[in-house]
Amino acid sequence: MPAVPAWPPKSLPRLFVRVPLAQGNLVDLDPGQANYLGNVLRLGTGAGALLFDGASGEWLARISEAGRRRMTLVVEERTREVERVPDLTLAFAPVKRAQVDWLVEKATELGVSRLQPVVTQRTIVERVKLERLQSIAIEAAEQCRRTLLPALVEPVSLPAFLGGIDAPLYFADETGGEPPRSAFQPGPGAILTGPEGGFTDEERAAIRAHPSARAVSLGPRILRAETAALAAVAAYMALAGDWR
Ligand code: SAM
């Protein structure tokens with residue numbers, strides 16, 4: 001008896017849409033998405049796609065109208081509920097643009113719930129283009145089948161970040177700290193990593209003085225800022241997140 005193929009097939013294209021999804025709703029794609037489905041994937045009326053809106057889960061929809069640069073889909077049924085990602089914030093000192101792009105894409109795939117740029121004394125990049133990072137996070141979410149996007153928030157200074165956090169704060173400290181195995185605990189948390197030039201002694205003392213801070217060592221080697229951030233998130237997911 002041939003196995004009944006899973007429905008909907010995982011191969012259906014997945015798109016994030018900024019409109020609420022519900023059975024019977026009509027969704028007009030933006031020109032870029034219409035071009036992707038119509039001209040790149042050469043899909044026409046009746047073809048299926050998976051849509052998610054970041055709030056109601058994932059839905060199967062079918063193309064009801066297709067034009068050169070426009071496309072309308074009708075929402076048929078919910079295929080997945082919103083998945084719960086661990087309540088983990090990655091607070092990172094921004095580094096060069098390409099590395100931050102990479103960091104946002106990988107952290108989205110790994111399942112962080114929030115991305116918080118933190119400006120420290122040695123941070124070389126003070127501004128991040130949130131709009132661009134948002135589209136990178138959306139593309140990563142479409143690819144890795146998330147139905148919730150990570151929240152991307154405006155950069156804050158280190159003192160402001162420390163003043164606003166009360167969840168367990170896992171401070172990646174290359175000068176020493178607990179092993180991830182004993183540090184990371186299930187539940188809300190934030191991982192903090194520094195810039196290329198590291199934290200100043202004064203910053204390190206202020207972080208360590210925070211009541212919910214735990215210094216975490218990521219091994220004996222000095223990791224690049226973006227490597228440290230992703231290594232810490234991966235270790236958290238494996239030890240205390242949703243990889244268990
Ligand atoms: N102080 C470093 C040096 O001597 O080159 C520069 C900082 S490192 C490139 C950037 C950040 O990655 C650090 O601030 C820290 O948050 C994190 N990091 C790098 N290696 C680490 C390790 N072995 N353990 C914990 N955190 C690490």
Side-chain angles (χ1 to χ4, degrees), residues 86-128 133 136-137 140 150-241 243:
D87 181 0
L88 179 69
T89 294
L90 173 59
F92 62 97
V95 286
K96 292 191 190 71
R97 172 173 152 166
Q99 281 86 340
V100 171
D101 290 0
W102 182 83
L103 176 62
V104 166
E105 181 182 72
K106 299 312 162 199
T108 301
E109 292 173 53
L110 294 181
V112 300
S113 58
R114 257 167 90 79
L115 286 153
Q116 167 71 68
V118 175
V119 178
T120 68
Q121 288 176 34
R122 294 179 183 156
T123 300
I124 45 170
V125 173
E126 305 244 332
R127 286 182 41 71
V128 290
L133 297 183
I136 290 171
L152 260 169
V153 292
E154 285 290 338
V156 290
S157 69
L158 178 62
F161 172 71
L162 293 176
I165 185 110
D166 52 17
L169 171 56
Y170 303 111
F171 161 42
D173 188 351
E174 71 281 8
T175 65
E178 292 180 69
R181 193 181 46 253
S182 65
F184 291 147
Q185 301 302 321
I191 288 173
L192 172 64
T193 56
E196 284 167 41
F199 291 107
T200 63
D201 292 345
E202 179 201 348
E203 288 175 328
R204 180 172 281 106
I207 300 166
R208 282 176 173 266
H210 191 283
S212 64
R214 295 176 79 148
V216 182
S217 168
L218 298 173
R221 289 166 289 279
I222 299 293
L223 309 176
R224 282 182 182 276
E226 65 275 18
T227 312
L230 270 297
V233 170
Y236 176 91
M237 289 299 170
L239 296 165
W243 293 2

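Order of appearance sets the numbers: ligands from 1, and atoms from 1 within every ligand. Worth knowing before you read on, the calculation uses all heavy atoms, side chains too, and leaves out hydrogens, waters and symmetry mates.
In terms of heavy atoms, Ala107 sits closest to Leu90 at CB-CD2, 4.0 Å.
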Sequence neighbours excluded and cut-off under 3.5 Å, please list the side-chain donor-acceptor pairs for residues 154-168, or say none.
| from | atom 1 | to | atom 2 | distance (Å) |
| --- | --- | --- | --- | --- |
| Ser157 | OG | Ala160 | N | 3.1 |

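For a heavy-atom separation below 4.0 Å, the residues in contact with ligand 1 are Ala172, Asp173, Glu174, Thr193, Gly194, Pro195, Glu196, Gly198, Phe199, Val216, Ser217, Leu218, Gly219, Arg221, Ile222, Leu223, Ala225, Ala228.
Residue pairs that meet the salt bridge (Lys or Arg N to Asp or Glu O under 4.0 Å) test with at least one member in residues 214-225, sequence neighbours left out, are Glu178-Arg214.
The closest side-chain heavy-atom distance from Arg204 to Phe171 is below 4.5 Å. With a 4.5 Å cut-off on side-chain heavy atoms, Leu115 and Leu133 do not count as touching.
Contacts of Glu203 classified as salt bridge (Lys or Arg N to Asp or Glu O under 4.0 Å), with partners at least two apart in sequence or in another chain: none.
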